[in-house]
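Notes to accompany the following structure.
Chain letters run A, B, ... following the sequence lines, proteins first, then strands; residues in each count from 1. Just so it is clear, the values below take in all heavy atoms, side chains as well, and ignore hydrogens, waters and symmetry mates.
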Amino acid sequence: EPEVTQTPSHQVTQMGQEVILRCVPISNHLYFYWYRQILGQKVEFLVSFYNNEISEKSEIFDDQFSVERPDGSNFTLKIRSTKLEDSAMYFCASKAVDEQFFGPGTRLTVL
Amino acid sequence: QQQVKQSPQSLIVQKGGISIINCAYENTAFDYFPWYQQFPGKGPALLIAIRPDVSEKKEGRFTISFNKSAKQFSLHIMDSQPGDSATYFCAASQVSGGYNKLIFGAGTRLAVHP
């Protein structure tokens, strides 16, 4: 069964450093998403991406965040200058029609 | 108006019992209501989803009941098993817009005791 994959599974970084989280969505999906989940809290929408551009973003997704689909398979989330409060699980999701399939997540720890 | 309210926060059920989790929403433009199951350290996995044109949908031991006029929907897990112990999230979105970001509830931590 096709699945969304994410790398790395855990990323530790120093405050102020840049991080890139990578995702490989399911191959025939056209809509891509990033969500985050702070430990013990609900899953929050960050951004949606369709046809090589951002279709919607939340207020969390400020100028420090960017997304890119550099080739036909990868979908990346970049945080330019990480803050302590960026520590969370980051989930990538993709969909073809209605159902969004989530990846296993990347745990980002900012020290 | 974008919020989805979920209750209870935690739930303990005996093996074989019925687990019931409730959600309420405000935005009448929502037209897709999925339930996700999440195990520790894993991503959310879709359990079952419903559209507002039906009042109930059943898949195996999992049933969604939907009340459009009350703007509420619930998940029923029949014959609950210890393997069902996980966190359950309801969500809502507007698929008619195409991009359908999911708005999640706060989650319910279910523990099924043997």
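- A 6.0 Å sphere centred on NZ of Lys83(A) holds more than 12 heavy atoms belonging to other residues, nucleotides or ligands.
- In the hydrophobic clustering of ILVMFWY residues, with side-chain heavy atoms under 4.5 Å counting as a link, Ile79(A) and Leu46(A) come out together.
- Using a 4.5 Å cut-off between side-chain heavy atoms of Ile, Leu, Val, Met, Phe, Trp and Tyr, with links allowed through other members, Leu77(A) and Phe101(A) fall into different hydrophobic clusters.
- Here the rule is side-chain contact (heavy atoms from CB on, under 4.5 Å) with Leu102(B), and of Glu44(A), Gln100(A), Lys95(A) only Gln100(A) fits it.
- With rounding to the nearest 0.5 angstrom, the NZ atom of Lys101(B) is 10.0 Å from the OG atom of Ser55(A).
- Surrounding CD of Glu85(A) are more than 12 heavy atoms belonging to other residues, nucleotides or ligands, all under 6.0 Å away.
- Lys42(B) is not listed as a side-chain neighbour of Phe91(A), based on a closest heavy-atom distance of 4.5 Å or more.
- Neither the backbone nor the side chain of Pro34(B) comes within contact range of chain A, judged by heavy atoms closer than 4.5 Å.
- Contact between Tyr33(A) and Asn100(B) at its shortest, heavy atoms only, is OH-OD1, 3.1 Å.
- Interface residue Gln38(B): only side-chain heavy atoms are found under 4.5 Å from chain A.
- Clustering ILVMFWY residues whenever any of their side-chain heavy atoms sit less than 4.5 angstrom apart, transitively, puts Phe65(A) in the very cluster that holds Phe49(A).
- Atom CD of Glu3(A) sits in a sparse spot, with 12 or fewer heavy atoms from other residues, nucleotides or ligands closer than 6.0 Å.
- For Gln6(A), no part sits under 4.5 Å from any heavy atom of chain B, backbone or side chain.
- If you measure heavy-atom distances from Tyr35(A) to chain B, the contacts under 4.5 Å come from the side chain alone.
- Within 6.0 Å of CG in Leu39(A) there are 12 or fewer heavy atoms belonging to other residues, nucleotides or ligands.
- The residue among Ser93(B), Gly43(B), Ala91(B) with the most heavy atom pairs within less than 4.5 Å of chain A is Gly43(B).
- Within a 6.0 Å sphere centred on CZ of Arg109(B), heavy atoms belonging to other residues, nucleotides or ligands number 12 at most.
- Atom OG1 of Thr87(B) and atom NZ of Lys42(A) lie 15.0 Å apart (nearest 0.5 Å).
- Using a 4.5 Å cut-off on side-chain heavy atoms (C-beta onward), Tyr32(B) and Glu99(A) make contact.
- Other residues, nucleotides and ligands place more than 12 heavy atoms under 6.0 Å from the CG atom of Asp62(A).
- Between chain A and the residues Gly107(B), Ala49(B), Gly105(B), the largest count of heavy-atom pairs under 4.5 Å involves Gly105(B).
- Interface residue Arg51(B): only side-chain heavy atoms are found under 4.5 Å from chain A.
- The distance between the ring centers of Phe102(A) and Tyr36(B) falls below 6.0 angstrom.
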